[in-house]
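When reading the values below, keep in mind they use all heavy atoms of this one structure, side chains included, and skip hydrogens, waters and symmetry mates. Predicted model only: the values in this text are computed from it and were never measured. Order of the sequence lines fixes the chain letters, A, B, ..., with proteins taken first and strands second; residue numbering starts at 1 for each chain.
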Protein chains: 4
Amino acid sequence: MAKKRQERFEMLRESSKARIEKAALELFAHNGYGHTSISKIAAAAGISKGLMYNYYDSKEALLQAILQKGLDFGDSLLEGLPEDPKALLVFVVEASFQEVINNLEFWKLLTSLTFQEDVLKTFAPQFEQKKKEFIQLGTFTFQQLGHPDPEMQAMLFGAAMDGVFLHYILSPNDYPLEEVKCLLIENFCKKYK
Amino acid sequence: MAKKRQERFEMLRESSKARIEKAALELFAHNGYGHTSISKIAAAAGISKGLMYNYYDSKEALLQAILQKGLDFGDSLLEGLPEDPKALLVFVVEASFQEVINNLEFWKLLTSLTFQEDVLKTFAPQFEQKKKEFIQLGTFTFQQLGHPDPEMQAMLFGAAMDGVFLHYILSPNDYPLEEVKCLLIENFCKKYK
Amino acid sequence: MAKKRQERFEMLRESSKARIEKAALELFAHNGYGHTSISKIAAAAGISKGLMYNYYDSKEALLQAILQKGLDFGDSLLEGLPEDPKALLVFVVEASFQEVINNLEFWKLLTSLTFQEDVLKTFAPQFEQKKKEFIQLGTFTFQQLGHPDPEMQAMLFGAAMDGVFLHYILSPNDYPLEEVKCLLIENFCKKYK
Amino acid sequence: MAKKRQERFEMLRESSKARIEKAALELFAHNGYGHTSISKIAAAAGISKGLMYNYYDSKEALLQAILQKGLDFGDSLLEGLPEDPKALLVFVVEASFQEVINNLEFWKLLTSLTFQEDVLKTFAPQFEQKKKEFIQLGTFTFQQLGHPDPEMQAMLFGAAMDGVFLHYILSPNDYPLEEVKCLLIENFCKKYK
DNA sequence: GATGAATGAGTTTTCATTCAT
DNA sequence: GATGAATGAAAACTCATTCAT
C-alpha cells in the first residue's frame, strides 16, 4: 500500500534529520557555529553533504531548526509555579539548573551565539520577551519578599544565575554546580526584612 | 593598574602597529573574530594587507597580541588592596566594573572568544591561574567575613560579577550598571554573622 | 502537417510521458534549459524524479525528445504547396507564421538553444538539411519571379522571417505580428520585373 | 617614487582585467554564459580563480563589465548620419554590418543573453531606449521615402537586419554577408513611389 | 511502474597568506 | 618598510543521477 511506503520514507527522513541535528548540535556547541563546516557535520552524521540540503535550506536554517527545538523544550519553565514567593524563586532556580544540566550542549551553543547577533536575529524578539517576563516575575516576587529595589534585585538575580551557568558551561566537569546552587538559593531566596 | 595598557597605547599611538591593533580590536569586538577579514583591518588601519605580516605572523598572532595586553589588568587588580575584608570586596567590585567600562571592546572580544576554545588555548593556563587567584582571595575574604562556605561563596560572587558583565556587554547602552553594582555590593560585601 | 504533433500529444495526453514533456517544454521555454531542474519538471508534471529516468536516459534526452517533435513541422510545410510562385511564397509565410503562433513555446526554446551548440549537435545535420531545402525552394521560386540573384534573395527572405519571429518571440504580447506579416508579403512575394 | 609603483600596479591590473575579459567573452560567446564556469575562465586567462574576485564582485559583474564595454562602443552608430533618406538607410546598414563583423563575439554573446532575461535586466532600459530610437529614425525615414506604413516598414527593416545578423552569427564562416547586405539595401533603401 | 532518499561532482565565492617590486 | 596583485585551499550550495524498496 502507498501508506506503507510513505511511512517508511517518513521514518528515513526523521532518522536522517535526527542524525544531522545531533551531529550539528554537538559540533556547533564544541567548535562554534562559524568553525563548523557542512562537510564536518555530514561526516559526523555519516551522510553526504548534499543530503543536508534535502532537509534544510541552508546551514543557517539547520541552526534555526536546532534552536527552535530547544526553545520549544524550554517553554515549560514558567508553568506550575508555586504561590509562595520564596518557594517560587527556589523552584525557578531548581528548574533552570536542571534545564541547563539536561541540555548542556544546547545552552552552550545558545550562549556562544549571543555574540554573533546576526545569526540570532530571528529569535531576538522571542528572547527579549522571555527576558522581560523573567524580570517581571522576579520584580514582583522580590517585592513580595520586601526588597526595597525589587527590579534591580531581579536583574542581579538573573545575572548571578547566568554567571553560574556561564562558568558551568565552560567547564562542566569541574564545576561544583550543586553547591553553588545551594548558596545561590541561600543568598537570594529569602525574606528581605 | 589599567594605566599601564593605556600608556602603551599612548606610546604606539602613531605607529602602524598600534593602528592595526586598535582597528583590529574594534572590528573583532563588533563583528567577531571570524567575521573580520585582514583586508578590513588593513583598510581600517590605513595600511596595506602585506604590512600586517611584517608585524604579526598571522591573523591569530595579531589576536594573541591584543589579548596579551588584557592580561596586564588582572595583575594590577590585586595590587594596593585594602586590608579590611569588606573594603577589599568593594574595592574589587569597583575596580572590576571600572575596567569593564573602560575597556568594553576588549572584554566583549574576550567574552566572545570564550567559546572558541582553539583560539584561547594559548592563554588558557594564564586565565586558569588568574581565576584561581581570584577565588583564593575571595575564599580568604569571605572566611574573614564569617561565611560558613567561603570558597563556594567566592565562586558565586565571581559568577554574579561575570553575569552582570555579560549582560552589560550585550547591551551597554540600556543596562543600569551602576544600580546593579550597588546591589551587588549590598548583597555580597558584608559580614555574614 | 502540424496536426501530426498535436495528435501525438492527444494520444499521450493522459500518460506520464506527455505530462513530463508538456511541463518540461513550458519550463525550458520560460526559464531556459539550464535553469530548469529535473526536480521542478517532476513537480510540475506531478510525478517523481525517478520516474523521469524510466522514460528518458537523461535531462538532455528529454530535451531531444521534445525537439524531435518540432522537426515534423518542416516536413509538413513543404507539402501541398501551390504551383503559382507568388502564391507559394505567401503560403510559406502564412504557414510559418501560423506555426510560430501555435507553438510559441517550442520555438522560443529552439531559438534559445541555438546558442548552446553542444545541446543541438544531435540535430545540427537535420537542421542544415531543412535550411538547405528551404533555400532551394526559395531560390527556385525567386527565379520564377524573375529575381536577378534568387539565391541571395532567398537567404534574405529567410533572414527577414527569422528576424520577425525573433522579435515576436521576445515580446509576443506587444508585437504587431499581423501587420508586419502583411508588409513582409508585400515586400517579398511579388514579381521582380 | 610612489607614483611609479602605482603606475606599475595599474598596468598589472589592467593587463589582468583585459586577459580575464577577453577569455570570458570568448567562452561566454562560444559556450554560453551559464555553461562557462569561473574555473574555465581563469584557466583560459592563465590566472587563478581567486584573482577574478579582486576585480569583479561576481561572475555576473564580470558579464556586466563586458556588456557595458560593448555598449559604450556601439553608441557611436547614430552619429554623423547623412541627411538624404536613402543614404541614411544605407549608412545605417553599412555601419551596423561593420559593427557586427568587428565585434562578432560580443554580438553573439548579447544575442544569446536575450533569452536569459534575468541577466540582462540591468541593461533592459538602455536596450529599450535604443530600440525605440532606431524605430523612430526608421519610421521618419520611410515616411520621407513615401512608404504608406512607415512604422511597420521600420520594424520589418529592423527584423530583416537582425535576422541576417542571427544567421551570420551562427555560421560566420559560411555566410555570404556581403551579398545579402547588398540585397538588403536594394530591397529596403529606395523610394516607395 | 513509481517513489524520493541519498550521493558526489561541480559551481560560485571568500580570504589568509605569499611575494615580486 | 611598504605595497597590493596573485594564489589556492576551503566554504556553502546545486542538481543530475542512482537505487533500494
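- Atoms CD (A:Q6) and C1' (E:dT3) sit 10 Å apart, rounded to a whole Å.
- Among the atoms of the strands shown, only primed sugar atoms or phosphate atoms (P, OP1, OP2) are found under 4.0 Å from some heavy atom of B:Y55.
- Note: CE (B:M52) to P (E:dA16) measures 9 Å, nearest angstrom.
- In this structure, the CG atom of B:L62 is 11 Å from the P atom of E:dA16, given to the nearest Å.
- Pair assignment for F:dT7: E:dA16, on the basis of Watson-Crick or G-U wobble contacts that are both within less than 3.5 Å.
- When the P atom of F:dA2 is taken as reference, atom CZ of D:R8 falls 17 Å away, rounded to whole Å.
- Nucleic acid contact for C:K49: base, since at least one base atom lies under 4.0 Å from a heavy atom of the residue.
- Between C:N31 atom CG and F:dC15 atom C1' the separation is 15 Å, expressed in whole Å.
- Remark on DNA chain E: of its neighbouring residues A:S15 and D:K40, the 5'-side contact belongs to A:S15, judged by nearest-heavy-atom nucleotide.
- Side-chain to base pairing of A:N54 with E:dA6: one donor and one acceptor N or O lie within less than 3.5 Å of each other.
- Here the side chains of B:L67 and B:L113 are in contact, with some heavy-atom distance below 4.5 Å.
- Atoms NE2 (B:H35) and C1' (E:dA16) sit 16 Å apart, rounded to a whole Å.
- D:E26 has a carboxylate O that lies under 4.0 Å from a charged side-chain N of D:K22, or vice versa, which qualifies the two as a salt bridge.
- Where C:G50 and A:T36 meet DNA chain F, the nucleotide closest to each residue was compared, and A:T36 sits on the side nearer the 5' end.
- For C:L51, counting side-chain heavy atoms from C-beta on, the closest listed nucleotide (E:dT3, E:dT11, F:dT3) is E:dT3.
- When each of F:dC13, E:dA16, F:dT17 is scored by its nearest atom to the side-chain atoms of C:I38, the top-ranked nucleotide is F:dT17.
- For B:E21 and B:Y55, the side-chain atoms include no donor-acceptor pair closer than 3.5 Å.
- The distance between atom CD1 of D:I20 and atom P of F:dA5, rounded to the nearest whole Å, is 12 Å.
- Distance from the side chain of A:R13 is smallest for E:dA5 among the nucleotides E:dA5, E:dT21, F:dA2.
- Comparing atom distances between the B:S16 side chain and each of F:dC13, E:dT17, F:dA2 picks out F:dA2 as nearest.
- Closest approach to the D:K59 side chain among E:dT13, F:dG4, F:dC13 is made by E:dT13 (side chain taken as heavy atoms from C-beta onward).
- Checking F:dA11, E:dT12, F:dC13 against every side-chain atom of A:S37, the shortest atom distance belongs to F:dA11.
- The existence of a salt bridge linking C:E105 and C:K108 is excluded, since no basic side-chain nitrogen approaches an acidic carboxylate oxygen closer than 4.0 Å.
- Straight-line distance from the OH atom of C:Y56 to the P atom of E:dG1: 11 Å, rounded to whole Å.
- Nucleotide E:dT11 forms a pair with F:dA12, judged by Watson-Crick or G-U wobble geometry with both contacts under 3.5 Å.
- Listed candidates were F:dA11, E:dT3, E:dT18. Nearest to the side chain of B:Y53 is E:dT18.
- The heavy-atom pair separating A:L62 from A:A24 by the smallest distance is CD2-CB, 3.8 Å.
- Mapped onto DNA chain F by nearest heavy atom, A:D57 and D:I47 fall at different nucleotides, with D:I47 at the one closer to the 5' end.
- Geometrically, A:K59 engages A:Y33 in a cation-pi contact, judged by NZ or CZ lying under 6.0 Å from the ring centre and within 45° of the ring axis.
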